[in-house]
Asker: 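Below you'll find the structure I mean.
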Amino acid sequence: MGTGERNQEAHVSEGSGPTPPRTLAEALRGRDDVSLAALLRARPDLLSPVPNDVSQLATRAATRASVVRALERLDRFTLQTAEALAVAPDPAPYEALRALMTGDDGDPAVEAALPAAVAALRDQALLWGADDRLRLVRTARELLAPSPAHPSPTGLGPTVAEATAGMSPGRWQETLAAAGLPPTHDPVSAVTALAALFSDRTRMSALLDTAPPEALMVLERLVWGPPYGEVTPDPAPPVRWLRDRGLLLPTSLRTVVLPREAALHLRAGRAHRVPEPVPPVVAPAHEYRPQVVDGTAAGQAYTALSTVEELLKDWNEGGPAVLRSGGLSVRDLKRTAAALDVPEHTAAFWVELAYAAGLLASDGEATERYAATPAYDEWLDLPPQDQWTRLATAWLHATRTAGLVGGQDAKGRVLAALGPDLDRSAAPEVRHRVLALLAGLPQGAAPAPEQVLTRLRWERPLRGAAAPGSAAASAAGTSGTPGDLRSRIALWTLTEAELLGVTGRGALSSHGRALLAAGAAPPRAGGAEEAAAAASAAALLAPLIPEPLDHVLLQADLTAVAPGPLRRPLADTLDVLADVESKGGATVYRFTPASVRRALDAGRAASDLHTFLAEHSRTPVPQPLSYLIDDVARKHGHLRVGAASAYVRCDDDAMLGEILADKRSQGLGLRRLAPTVLAAQADPAALLEGLRGMGFAPAAESAAGDVLITRAHAYRTPPRTAPVPVPEGPPTPDETLLGAALRAIRAGDMASTAVRKEAPAAAPSPGELPRTTAAETLATVQAAALTGSAVWIGYVNADGAASQRVIAPVRVEGGFVTAYDHTADEVRTYPLHRITGVAELADSA
């Protein structure tokens with residue numbers, strides 16, 4: 001609270017001087033540069049563009065859009081403080097605010113937290129004035145004050161004065177008489193008398209002691225809101241008793257309201273039913289040894305790398321087509337999920353992660369489809385720990401939200417993976433905040449997800465909340481899933497962090513902690529801070545990743561077991577020579593005639609395969625596997641297929657006769673051209689496939705008669721950059737921009753508020769450019785150049801834009817005046833014919 005107290009002490013000076021500020025602009029003008037910089041840093045939208053002066057800054061800070069954005073960034077207790085000020089008198093002394101927050105009985109926790117909340121509202125320029133005259137910005141008061149269309153979160157209704165506007169004098173006298181008050185001669189004094197009665201604890205208690213029990217039950221239902229109730233033209237006696245005494249005031253023929261003063265008495269003076277001055281605690285729900293957490297996270301990190309590599313290898317020759325509306329079709333997502341052996345929502349996460357990291361993109365061709373980018377090849381050459389940091393960093397900063405895949409947009413359309421409508425600007429901030437909460441726990445401690453959500457809702461109660469009665473809120477009520485987007489992103493973050501290996505068993509890993517840069521906000525993407533954090537995380541992860549193996553275990557059932565991750569050359573060769581049968585801690589490969597033929601088609605000889613297996617197997621090569629390779633190699637290339645439309649040639653004319661006699665060859669349109677040559681109507685690819693389906697092992701040949709070697713073709717998109725995250729409003733300004741903005745605001749303020757000497761003629765009205773003759777202008781600036789004094793000028797630039805400036809002339813010659821411009825904080829040259837007029841400053845000699 002030390003910072004809040006210091007801020008409060010700084011801001012109390014707004015009204016502690018001899019002349020308290022009368023407007024927000026005057027209050028901001030009295031702040032020092034440190035305080036103004038803090039405001040601009042907290043509300044960067046005020047700098048788009050840089051205000052001309054403090055008055056424009058104050059005007060912009062009070063606009064509805066800016067105030068709403070500032071309110072959304074308040075924590076629950078600070079927001080409750082603002083809500084209490086919205087129902088307090090304007091201006092309100094600090095003691096009145098304290099009474100609304102603590103009630104008649106007091107609350108030490110609220111009293112301790114209240115100064116920091118008031119200081120935070122001042123820092124955000126939502127509140128101004130000294131402690132004896134606290135004023136909420138008018139726009140904030142309008143947003144938070146009670147109204148029939150927008151009930152206050154406090155549950156309070158209108159004041160007596162607001163609820164009785166337009167009440168007839170006769171009805172007033174009846175109400176005063178029923179309440180035991182003397183009659184008055186005008187509505188104003190009647191309002192004052194009734195409000196004073198409701199605000200007087202003793203007299204109000206005495207009045208309620210005479211109320212029927214049923215009337216007290218009616219008040220009990222309305223006291224905490226909503227304060228409105230419906231009545232019939234002939235209400236029941238308890239309601240009539242309350243209405244006659246002004247405890248229920250009519251707002252229409254069928255509606256009554258409990259006035260604010262009466263409700264506050266019934267609440268013992270408290271504006272909120274449950275003030276929340278202290279943030280909810282995020283406590284450990286499970287605790288593990290840090291080594292267990294790190295080991296689990298590292299294993300999952302390596303699995304993440306393997307999954308992304310497998311995904312892009314599956315799309316190596318060109319992936320699925322891009323939908324006309326953008327994104328991946330439901331069928332292709334299901335096919336990808338089956339290939340990765342994961343659920344569809346998990347497959348959507350891996351696809352979106354590869355896209356966010358710049359490893360995957362669309363090729364931009366006429367028949368557009370997805371494929372790996374050239375950056376994927378660079379990524380493959382990185383060490384595993386660096387591969388992981390690149391993925392994890394991309395995930396932290398990405399605004400694309402994979403959890404939305406399969407849902408519907410506002411028009412009822414299904415949101416597709418890689419589609420255009422998955423960006424949510426709040427996602428990076430929520431991810432960083434969730435991981436920061438995990439980092440605040442001891443190493444190895446995992447919290448309950450409900451506690452994380454509760455804390456996030458306290459920190460930003462207005463951010464991303466689903467409106468009551470909305471589709472999101474209804475869906476949340478039926479499915480048990482939080483309806484607000486911020487909570488859903490938080491839950492997705494916990495799941496995705498586990499998949500990615502940032503956490504292990506729900507606890508933040510050591511390399512996950514290192515990935516988070518120190519500070520309350522996410523680091524800038526691509527900055528030095530982020531690079532240092534990634535390097536630190538990679539250094540911690542490297543010893544935990546298992547070393548790739550250079551061997552497998554061959555078994556007699558034509559399988560090979562890889563007891564761990566394999567080195568890339570070995571893994572690549574096995575992917576061609578065998579089919580993956582199962583994955584997990586150990587990968588099982590199966591050798592089949594088709595897989596062996598695939599290796600032979602890729603240019604490997606049978607002797608090469610025998611040598612490769614013998615070198616990389618810790619067990620002897622089984623005879624069945626050797627026989628399989630030799631048998632497929634013996635048949636491989638015995639038949640030759642080329643282009644005639646296609647032909648088959650073979651030295652064994654008996655084999656060609658066998659093919660012609662086989663009924664399965666009828667669709668190929670074969671006929672004998674020579675004892676060793678068959679011609680076909682089918683193309684070479686179809687002929688190859690047909691003969692292989694008949695059990696033969698033909699090889700393709702070129703026009704020169706050489707055997708064609710077929711290798712996997714790696715298709716790549718043109719160079720693509722990773723998708724740029726969609727910012728959530730203007731970015732936080734850096735120190736250079738802040739310094740320049742402060743100088744411009746101060747200089748503009750000097751120009752707009754400078755006191756000028758009275759001219760003999762009628763002085764220009766505020767905001768109007770000064771008007772002097774050319775001779776008067778020249779004489780004044782020449783005199784100012786001789787005396788070194790500053791003058792105030794009106795200036796019209798080449799584009800016709802008019803402005804006011806304070807300058808100190810240095811030299812006047814050739815129709816130009818060279819001067820130090822206090823507004824721009826630099827030396828400039830102005831044509832004299834563009835100066836509309838000049839006036840001396842009151843403090844200039």
Side-chain angles (χ1 to χ4, degrees), residues 298-317 339-341 359 372 376-388 391 501 541-630 632-633 636 709-714 716:
Q300 190 58 46
Y302 197 89
T303 301
L305 300 181
S306 302
T307 304
V308 171
E309 186 176 346
E310 183 179 355
L311 166 68
L312 294 175
K313 189 181 294 183
D314 186 50
W315 293 5
N316 204 33
E317 298 185 36
L340 298 179
D341 194 21
L359 309 180
Y376 170 62
D377 297 312
E378 300 173 6
W379 181 79
L380 284 177
D381 294 334
L382 295 175
Q385 61 271 18
D386 292 334
Q387 290 180 339
W388 181 83
L391 293 180
L541 179 61
L544 302 175
I545 294 180
E547 282 290 332
L549 304 176
D550 62 352
H551 65 273
V552 294
L553 306 176
L554 295 177
Q555 301 186 109
D557 59 350
L558 297 180
T559 61
V561 177
L566 300 177
R567 291 183 178 176
R568 186 166 306 281
L570 173 58
D572 291 342
T573 303
L574 267 182
D575 284 340
V576 177
L577 180 57
D579 299 323
V580 176
E581 189 170 79
S582 65
K583 304 172 187 176
T587 304
V588 178
Y589 295 86
R590 178 165 294 279
F591 299 94
T592 64
S595 69
V596 174
R597 184 177 63 242
R598 188 169 63 230
L600 296 174
D601 286 343
R604 296 283 186 126
S607 59
D608 297 334
L609 299 182
H610 287 300
T611 303
F612 169 80
L613 294 175
E615 289 177 350
H616 293 93
S617 175
R618 288 292 176 87
T619 57
V621 179
Q623 279 189 344
L625 179 55
S626 298
Y627 291 159
L628 174 64
I629 294 173
D630 292 339
V632 174
H636 186 265
I709 297 175
T710 57
R711 301 183 186 274
H713 175 60
R716 294 290 181 265

Asker: Give a yes or no answer on whether the side chain of Ser595 reaches the backbone of Leu577 with a donor-acceptor pair at less than 3.5 Å.
Answerer: yes
Asker: Please enumerate all residues that pass salt bridge (Lys or Arg N to Asp or Glu O under 4.0 Å) together with Asp377, with sequence neighbours excluded.
Answerer: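 Applying salt bridge (Lys or Arg N to Asp or Glu O under 4.0 Å) to Asp377 gives Arg716.
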Asker: To the nearest 0.5 Å, tell me how far Phe612 CZ sits from Ser607 OG.
Answerer: 14.0 Å
Asker: Could you tell me which non-hydrogen atom of Gly564 sits nearest to which non-hydrogen atom of Leu549, and how far apart they are?
Answerer: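 Smallest interatomic distance, heavy atoms only, reads N-CD1, 3.5 Å.
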Asker: With Ala304, which residues qualify under side-chain contact (heavy atoms from CB on, under 4.5 Å), at least two apart?
Answerer: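 Only Trp350, Leu500 meet the side-chain contact (heavy atoms from CB on, under 4.5 Å) criterion with Ala304.
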Asker: Is there side-chain contact between His636 and Asp601, with at least one heavy-atom pair below 4.5 Å?
Answerer: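 Counting from C-beta outward, His636 and Asp601 do come under 4.5 Å.
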Asker: What are the two closest non-hydrogen atoms of Leu544 and Ala298, and how far apart are they?
Answerer: CB-CB, 3.5 Å
Asker: Quick one: closest heavy-atom pair of Ala556 and Pro624, and the distance?
Answerer: O-CG, 3.9 Å
Asker: For residues Val621 and Leu625, report the shortest heavy-atom separation together with the two atoms involved.
Answerer: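 Heavy-atom minimum between the residues: CG1-CD2, 4.3 Å.
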Asker: State, yes or no, whether a side-chain contact exists between Val588 and Gln555 at a heavy-atom distance under 4.5 Å.
Answerer: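 The answer is no; the side chains never approach within 4.5 Å.
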Asker: Can you name the ring-ring contact (aromatic ring centres under 6.0 Å, His included) partners of His551, sequence neighbours left out?
Answerer: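 ring-ring contact (aromatic ring centres under 6.0 Å, His included) list for His551, sorted by chain: empty.
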Asker: Answer whether the closest heavy-atom distance between the side chains of Leu312 and Trp379 falls below 4.5 Å.
Answerer: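 A side-chain contact under 4.5 Å is absent here.
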Asker: Measuring only between side-chain heavy atoms, which start at C-beta, is Arg604 closer than 4.5 Å to Thr573?
Answerer: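 A side-chain contact exists here, since the closest heavy-atom pair is under 4.5 Å.
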Asker: Checking side chain to side chain contact (heavy atoms under 4.5 Å, CB included) for the pair Leu600/Leu609: CA distance, chi angles, key distance, verdict?
Answerer: CA-CA 9 Å; Leu600 296 174; Leu609 299 182; 4.1 Å; yes
Asker: Treating Arg567 as the side-chain partner and Asp550 as the backbone partner, does any N or O pair qualify as donor plus acceptor under 3.5 Å?
Answerer: no
Asker: Rounded to the nearest 0.5 Å, what's the gap from CG on Asn316 to OH on Tyr376? Could you check?
Answerer: 6.5 Å
Asker: Looking at every non-hydrogen atom in both residues, tell me the closest pair between Ile545 and Pro384 and how far apart they are.
Answerer: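 Minimum heavy-atom contact is CD1-CB, 3.8 Å.
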Asker: Is it the case that more than 12 heavy atoms not belonging to Asp314 sit under 6.0 Å from its CG atom?
Answerer: yes
Asker: Just so I know, are the side chains of Leu574 and Thr587 near enough to count as touching, which here means a heavy-atom distance under 4.5 Å?
Answerer: no
Asker: Can you give me the closest heavy-atom contact between Trp388 and Gly501, atom names plus distance?
Answerer: CZ2-O, 3.8 Å
Asker: For Asp575, enumerate each residue passing the salt bridge (Lys or Arg N to Asp or Glu O under 4.0 Å) test, keeping only those at least two apart in sequence or located in another chain.
Answerer: Lys313
Asker: Enumerate the salt bridge (charged side-chain N to carboxylate O under 4.0 Å, His left out) contacts for residues 588-597, please, sequence neighbours excluded, ordered by first and then second residue.
Answerer: Glu581-Arg590
Asker: Are Leu359 and Leu391 packed together at the side-chain level, in the sense that at least one heavy-atom pair is separated by less than 4.5 angstrom?
Answerer: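 In contact.
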Asker: Would Phe591 and Val632 satisfy side chain to side chain contact (heavy atoms under 4.5 Å, CB included), going step by step from the backbone distance to the final call?
Answerer: CA-CA 12 Å; Phe591 299 94; Val632 174; over 6 Å; no
Asker: Can you tell me how far CG of Leu340 sits from OG of Ser306, rounded to the nearest 0.5 angstrom?
Answerer: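 Those atoms lie 11.5 Å apart.
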Asker: State which residues pass side-chain hydrogen bond (donor to acceptor under 3.5 Å, both in side chains) with Gln300; sequence neighbours excluded, sorted by chain then number.
Answerer: none
Asker: Can any side-chain N or O of Thr619 pair as donor or acceptor with the backbone N or O of Leu553 at less than 3.5 Å?
Answerer: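 No; zero donor-acceptor contacts below 3.5 Å.
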Asker: With the side chain counted from C-beta on, respond yes when Glu309 and Leu380 share a heavy-atom pair under 4.5 Å apart, and no when they do not.
Answerer: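 The answer is yes; the side chains approach within 4.5 Å.
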